[in-house]
Q: 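One structure, as structure tokens, below. Some questions next.
Letters A, B, ... are given to chains in the order of the sequence lines, protein chains preceding strands, and every chain is numbered from 1.
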Amino acid sequence: MPETDPLEAGDHLVLIDGSAYIFRAYHALPPLTRTSDKLPVGAVAGFCNMLWKLVRAGESHSGFSPAPTHLAVVFDKSEQTFRKEIYPLYKAQRPDLPDDLIPQFPLIREATRAFDLACVEQEGFEADDLMATYAEEAKAKGALVTIISSDKDMMQLVGEKVRMYDPMKDRAIGIDEVFEKFGVGPERVVDVQSLAGDSVDNVPGVPGIGVKTAAQLLGEYGDLDTLLARAEEIRQPKRRQSLIDFADQARLSRELVTLKRDVVLDVPLADVAVVEPEGRRLVAFLKAMEFTTLTRRVAEAYGVEAAEIEPDPRLKAGADPAISPVAAAQEKAEDDEETEEAAARGEGELTPAALVGARIAEATATPVDRSKYETVATPERLAAWIAAAREAGIVALDTETTSLDAMQAELVGVSLAVGPSLACYIPLGHKGGDDGLFSEGLLPDQIPVNAAVEALRPLLEDPAVLKVGQNMKYDWLMLKRYGIDVTPHDDTMLMSYVLDAGAGPHGMDPLSERWLKHTPIKYEEVCGKGKGQICFDRAAIDKATAYAAEDADVTLRLWRVLKPRLVAEGKVSVYETLERPLVAVLGRMEMRGVAIDRQMLSRLSGEFAQGMARLEAEIGELAGEPFNPGSPKQLGDILFGKMGLPGGRKTPTGAWSTGADVLDDLAEQGHELPRRILDWRQLQKLKSTYTDALPTYLNPETGRVHSSFALAATTTGRLSSSEPNLQNIPVRTEEGRKIRKAFVAAPGCKLVSADYSQIELRLLAEIAEVPALRQAFQDGLDIHAMTASEMFGVPVAGMPGEVRRRAKAINFGIIYGISAFGLANQLAIPREEAGAYIKRYFERFPGIRDYMDATRAYAREHGYVETLFGRRCHYPDINAKNPSIRAFNERAAINARLQGTAADIIRRAMARVEAALQAARLSARMLLQVHDELIFEVPDEEIAATLPVITRVMEQAPLPAVALRVPLRVDARAAENWDEAH
DNA sequence: GCAAGGACGTA
DNA sequence: GTACGTCCTTGCA
């Protein structure tokens with residue numbers, strides 16, 4: 001029991017609001033359950049960690065000082081208090097206690113006793129009143145008081161010698177913080193609360209007056225009594241009336257919120273002195289609670305052997321051996337086989353289509369059961385799950401991290417699934433709401449990250465166990481950064497992409513809705529959204545388990561549907577040659593990143609800013625008034641309203657169109673302002689999107705920029721790049737190319753750029769079977785000049801630039817699914833003239849018209865088109881009633897065969913080039929892909945040997961699947977920076 | 001704070 | 001006329 005030791009000046013009294021702590025801990029901390037019997041103990045764990053920090057404060061580095069000399073944990077004794085007597089509705093709103101919270105109350109009391117600390121409660125009083133009385137008495141004796149509570153009512157006690165500590169927010173509350181919260185000092189807190197009321201405790205206050213208004217009024221009138229007495233003087237009529245009408249209610253509220261500081265204490269202050277806890281008893285309690293980490297710490301601190309101490313027999317769990325997931329998985333697997341065979345028998349034979357049917361039926365027939373998920377808290381349980389995965393030969397995998405950026409994220413947890421609803425979550429890096437001062441940050445019952453990584457590695461690298469992920473590149477990269485090479489692997493997102501690109505989204509939630517008819521828990525439900533969103537490492541572990549284990553569970557279920565579909569629809573080789581290998585290839589590219597010259601970009605930013613400032617001055621002058629040149633709305637009003645310039649077009653929403661083409665026309669007519677605006681826009685674009693933004697993407701660890709390449713983002717099979725997008729670095733203008741120069745090679749290296757020359761046009765010649773075009777490519781002719789010559793009968797030698805330019809525009813137009821309207825726009829010629837060009841082109845190259853007609857017809861019939869390598873691009877709106885929507889889809893479908901085939905070819909090259917370089921003992925590292933171009937970083941001395949390897953792999957990429965009749969040509973060059981290599 | 005629209009960089 | 005991603009302004013909550 002606590003000893004008697006009168007409190008003196010300089011002592012430190014700590015008062016803990018036990019009831020409030022339990023409530024707050026229940027909601028703020030991840031709900032933790034005792035491993036052996038699932039007894040909820042989250043609040044108890046948080047409480048014990050806090051007490052441990054407090055009693056060890058003198059010796060530890062917790063920063064909580066001075067060490068308490070006296071400490072009391074204060075509880076509410078009963079519901080019936082003097083406040084209820086004067087206002088029966090007081091705290092009537094309190095909801096019933098959650099079931100998993102109730103058993104924690106007695107455990108908190110037990111914990112307090114185990115720490116040999118005083119546990120105080122007193123009939124008829126709330127804990128707050130007892131604490132106020134203790135605090136008042138201690139203050140009078142010159143002691144320091146710390147109140148550990150999150151209850152804002154306690155703020156009225158704060159003063160010179162009395163501070164608060166919010167254990168959930170890990171934040172000290174002094175006079176300044178009280179001001180921040182209430183707009184008044186602690187002595188006026190009661191007045192503010194009397195006016196503002198409190199909906200949680202059902203304190204009525206004065207209607208229409210909140211904390212802000214209350215503080216403002218009190219600032220003006222001094223205190224509550226003065227304010228109520230002079231209410232007539234208030235200027236705002238509504239406010240005045242409210243204060244007059246509800247003066248009594250304000251006074252009643254004051255009674256309710258004012259803490260009683262003169263309770264006759266059953267336990268005198270002297271009796272709450274802190275004594276050293278009895279180590280063995282404390283360890284016995286902690287062992288009964290199964291708080292492994294804290295048990296170890298306490299045992300170490302008191303020099304006792306935890307293993308020799310029996311858990312407190314009154315509190316320990318009646319251990320109940322958990323069901324082994326190994327056995328369960330086996331059982332389930334056997335069930336599944338029977339189901340499948342039965343289904344297949346029903347179809348007559350085990351055809352791929354029958355299997356797909358069976359799997360789709362199974363997917364919706366087996367509901368997701370989150371109650372089966374396990375939170376893995378010990379290495380033993382982890383080992384059991386790893387064994388289950390080996391047994392199954394397949395495991396779905398998902399990593400939870402601190403960031404969407406796999407290059408910066410830290411691992412927070414890993415989930416595994418070995419069968420339907422047979423999933424677990426292994427929390428590794430979850431932090432508590434009370435870290436910092438009161439604990440080590442990491443929540444208890446988590447396997448150390450390193451230990452988990454080492455335990456998982458043999459499984460994740462086991463060639464005999466297939467790892468399934470949804471967007472596996474993220475998890476692959478994440479785990480690679482922790483030293484694990486996940487292989488072999490499948491990716492449900494990529495399977496969906498191969499099967500349904502263009503026909504729907506490939507994210508996990510929509511796939512789950514579509515195939516499993518199941519709605520997974522949203523990320524927002526675990527971590528909130530908007531401003532209040534928390535990082536996953538702060539998520540409650542039970543919610544995290546439901547969310548993360550479900551992701552793995554759903555992923556495995558999706559795999560069971562999509563894998564057979566690949567077989568049934570003949571897309572296995574597309575998936576295995578164009579998609580799956582790219583996971584690791586892109587993962588490595590992203591890990592490498594690319595070097596940029598930060599100084600160069602910074603200097604450019606300055607130059608661009610100067611140019612913009614100069615232009616802004618001229619723009620203001622020309623417009624006759626200052627306006628924002630970045631606002632198309634304001635610009636349109638100035639140009640076509642105020643200045644009345646001709647040629648004004650409207651955008652689909654009815655606003656003035658101020659696009660570059662419009663401004664360019666106006667500039668041609670000799671107007672100065674549009675020219676300046678165009679110049680300004682160029683600088684603005686270059687500065688904001690490139691010179692300012694790129695350096696913010698520099699990874700502090702690597703000093704390089706790591707873009708993310710998306711494999712399943714386009715309908716055609718192209719990759720996309722984001723954060724930052726490195727596929728749209730300027731190249732067309734001189735100013736823009738300065739940015740490209742800032743992309744540099746590592747010291748001792750050069751950048752090598754290797755790009756396919758006119759690949760889509762070559763593919764047009766191939767696919768549309770245009771002998772003249774094919775021949776031209778075989779002969780290495782200037783294809784645009786040749787086209788012009790064929791069309792206009794002009795000899796190639798001495799051809800005017802304008803003629804060639806028009807032919808080039810037509811060639812590109814064909815690739816984009818040409819329309820007279822579009823070509824007219826591009827060439828700035830009348831629609832009729834453009835139509836005539838197209839007509840002549842088709843006459844000269846009839847194969848192209850046939851190709852376009854055939855593609856249109858195929859797309860209309862099937863709803864998709866296919867590339868030369870079998871990749872499907874879906875166009876569900878190809879048969880739309882709306883002619884312009886239909887025409888748009890037709891053009892897109894025509895383009896997709898060419899763009900998609902080109903994308904397939906470069907994917908094939910990327911999948912092979914690393915091995916080819918390795919085989920040639922070259923150390924070139926592929927960094928970027930820009931649709932028809934690959935960028936490598938190559939040591940200076942290896943460049944000569946590297947260029948032919950890259951070129952060969954790229955040019956031969958279609959083989960052996962497809963032997964093109966047109967040659968592919970690749971140009972490769974090395975230089976210090978990307979601009980010169982390109 | 002968020003979504004839509006406009007504008008513009010690339011292949 | 002194809003395919004993307006990002007920045008800024010604007011209008012709404």
Side-chain angles (χ1 to χ4, degrees), chain A residues 501-502 529-533 627-636 650-663 677-678 680-690 692-694 696-697 707-710 713-733 735-737 739-740 755-761 764 809-827 831 834 837-838 852 865 873 875 884 887-900 902-903 906 928-933 978 982:
Chain A
K529 61 174 173 162
K531 214 164 77 89
Q533 188 165 70
F627 74 104
N628 182 357
S631 163
K633 186 172 137 75
Q634 293 176 33
L635 176 63
K650 295 290 183 77
T651 65
T653 55
W656 289 114
S657 172
T658 67
D661 50 343
V662 175
L663 299 192
I677 294 286
L678 285 170
W680 183 88
R681 277 188 185 164
Q682 177 183 209
L683 294 181
Q684 153 79 18
K685 178 79 176 180
L686 295 179
K687 184 170 186 291
S688 67
T689 309
Y690 303 106
D692 287 348
L694 283 172
T696 71
Y697 288 101
S707 176
S708 174
F709 289 95
T714 70
T715 308
T716 55
R718 274 192 178 181
L719 306 182
S720 80
S721 157
S722 63
E723 289 183 319
N725 180 355
L726 295 185
Q727 292 181 323
N728 71 346
I729 299 305
V731 72
R732 287 175 187 175
T733 66
E735 294 294 277
R737 276 203 297 278
I739 290 160
R740 233 167 226 248
D755 69 304
Y756 286 105
S757 165
Q758 294 170 331
I759 185 166
E760 290 181 12
L761 216 42
L764 175 71
I810 295 170
N811 277 334
F812 273 99
I814 297 294
I815 291 170
Y816 295 152
I818 206 150
S819 76
F821 182 84
L823 184 63
N825 251 342
Q826 177 68 29
L827 288 175
R831 183 122 41 114
Y837 282 3
I838 294 169
M852 292 176 79
V865 294
C873 314
Y875 293 90
S884 68
F888 176 82
N889 278 275
E890 288 171 4
R891 290 193 298 270
I894 289 165
N895 173 253
R897 291 191 70 194
L898 303 167
Q899 190 185 110
I906 198 164
L928 302 174
Q929 188 251 43
V930 191
H931 310 308
D932 64 359
E933 175 188 15
W978 191 3
H982 184 71

Q: Between A/Ser722 (side chain only) and A/Asn725 (backbone N and O only), is there a donor and an acceptor less than 3.5 Å apart?
A: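 Between the backbone of A/Asn725 and the side chain of A/Ser722 there is no qualifying donor-acceptor contact (under 3.5 Å).
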Q: Take the protein atom CG of A/Leu694 and the nucleotide atom P of C/dT6, then report the distance between them rounded to whole Å.
A: 11 Å
Q: Would you say A/Thr653 reaches B/dG6's phosphate, i.e. side-chain N/O to OP1/OP2 under 4.0 Å?
A: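 Yes, because at least one side-chain N or O of A/Thr653 sits under 4.0 Å from OP1 or OP2 of B/dG6.
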Q: Where the side chain of A/Thr716 meets the backbone of A/Ala896, is there a donor-acceptor pair that is under 3.5 Å apart?
A: no
Q: Rounded to whole Å, please give me the gap between CG in A/Asp692 and C1' in C/dC8.
A: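 In whole Å, C/dC8 C1' and A/Asp692 CG are 13 Å from each other.
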Q: Within the sub-3.5 Å range, which N or O atoms of nucleotides 7-9 of chain B have a protein N or O partner, and how far apart are they?
A:
residue: B/dA7; atom: OP1; partner: A/Thr658; partner atom: N; Å: 2.7
residue: B/dA7; atom: OP1; partner: A/Thr658; partner atom: OG1; Å: 2.5
residue: B/dA7; atom: OP1; partner: A/Gly659; partner atom: N; Å: 3.4
residue: B/dA7; atom: O3'; partner: A/Arg681; partner atom: NH1; Å: 3.1
residue: B/dC8; atom: OP1; partner: A/Arg681; partner atom: NH1; Å: 3.1
residue: B/dC8; atom: OP2; partner: A/Ala660; partner atom: N; Å: 2.9
residue: B/dC8; atom: O2; partner: A/Lys685; partner atom: NZ; Å: 2.8
residue: B/dG9; atom: N2; partner: A/Asn728; partner atom: ND2; Å: 3.3
residue: B/dG9; atom: N3; partner: A/Asn728; partner atom: ND2; Å: 2.9

Q: Of the nucleotides C/dC7, C/dA3, C/dG1, which has the atom closest to the A/Asn895 side chain?
A: C/dA3
Q: Can you tell me if A/Arg740 uses its side chain to pair, donor with acceptor, with the backbone of A/Pro730 under 3.5 Å?
A: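 Pair found, side chain donor or acceptor close to backbone of A/Pro730.
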Q: OP1 or OP2 of C/dT10 less than 4.0 angstrom from a side-chain nitrogen or oxygen of A/Ser631, does that happen here?
A: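 Yes, such a contact exists.
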Q: For A/Ser722, which contact category applies under a 4.0 Å heavy-atom criterion: base, sugar-phosphate, or nothing?
A: sugar-phosphate
Q: Base, sugar-phosphate alone, or nothing: which one does A/Ala824 contact when heavy atoms must sit under 4.0 Å apart?
A: nothing
Q: Between C/dA3 and A/Arg718, is there an OP1 or OP2 to side-chain N/O distance shorter than 4.0 Å?
A: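 It does not, given that no N or O in the side chain of A/Arg718 lies less than 4.0 Å from OP1 or OP2 of C/dA3.
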Q: Within the distance-only criterion (no hydrogens, no angle test), does the side chain of A/Ser708 pair as donor or acceptor with the backbone N or O of A/Glu723 below 3.5 angstrom?
A: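 No; zero donor-acceptor contacts below 3.5 Å.
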Q: Between atom CZ in A/Phe627 and atom P in C/dC8, what is the gap in whole Å?
A: 18 Å
Q: Give the rounded distance in Å between these two atoms: CZ of A/Phe709 and C1' of B/dT10.
A: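 One finds 13 Å between C1' of B/dT10 and CZ of A/Phe709, rounded.
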Q: Give a yes/no on whether any side-chain N or O of A/Lys633 is located under 4.0 angstrom from OP1 or OP2 of C/dG11.
A: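 It does, given that an N or O in the side chain of A/Lys633 lies less than 4.0 Å from OP1 or OP2 of C/dG11.
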Q: In terms of side-chain heavy atoms of A/Thr715, which of B/dT10, C/dC4, C/dT2 is nearest?
A: C/dC4
Q: Could you tell me how far apart A/Lys529 (NZ) and B/dG1 (C1') are, to the nearest whole angstrom?
A: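 Taking atom C1' of B/dG1 as the reference, NZ of A/Lys529 is at 11 Å.
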Q: Return the nearest nucleotide to the side chain of A/Gln634; candidates are B/dA11, C/dA3, C/dT10.
A: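 Minimum distance to the A/Gln634 side chain belongs to C/dT10.
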Q: Over all strands shown, is A/Ile818 touching base, sugar-phosphate only, or nothing at heavy-atom distances under 4.0 angstrom?
A: base
Q: With a distance cut-off below 6.0 Å to the six-membered ring centre and an angular limit of 45° from the axis, does A/Lys650 pair with A/Trp656 as a cation-pi contact?
A: yes
Q: The side chain of A/Ser720 lies closest to which of these nucleotides: B/dA11, C/dC4, C/dT2?
A: C/dC4
Q: State which of B/dA11, C/dT2, C/dT6 makes the closest approach to the side chain of A/Thr689.
A: C/dT6
Q: Does A/Gln634 reach the main-chain N or O of A/Pro629 with its side chain, forming a donor-acceptor pair under 3.5 Å?
A: no
Q: Quick one: closest heavy-atom pair of A/Tyr875 and A/Ala893, and the distance?
A: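 Taking A/Tyr875 first and A/Ala893 second, the nearest heavy atoms are CE1-CA, 3.8 Å.
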Q: Measure from CG on A/Leu719 to P on B/dT10 and round the result to the nearest Å.
A: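 Roughly 19 Å, once rounded to whole Å.
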Q: What pairs with A/Gln826 under side-chain contact (heavy atoms from CB on, under 4.5 Å), at least two apart in sequence or on another chain?
A: A/Ala809
Q: At under 4.0 Å between heavy atoms, what does A/Glu933 touch on the DNA or RNA strands: base, sugar-phosphate, or nothing?
A: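 Counting heavy atoms under 4.0 Å across all strands, no contact is made by A/Glu933.
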Q: With a non-hydrogen cut-off below 4.0 angstrom, is A/Glu760 in contact with a base, only sugar-phosphate, or nothing?
A: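 Answer is nothing: A/Glu760 stays at 4.0 Å or more from every strand.
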Q: Take atom CG of A/Leu683 and atom C1' of C/dC8, then tell me their distance rounded to the nearest Å.
A: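 Roughly 16 Å, once rounded to whole Å.
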Q: Using a 4.0 Å heavy-atom cut-off across all strands, classify A/Ala887 as base, sugar-phosphate, or nothing.
A: nothing
Q: What integer distance in Å separates A/Tyr875:OH from C/dG1:P?
A: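 Atom OH in A/Tyr875 sits about 17 Å away from atom P in C/dG1.
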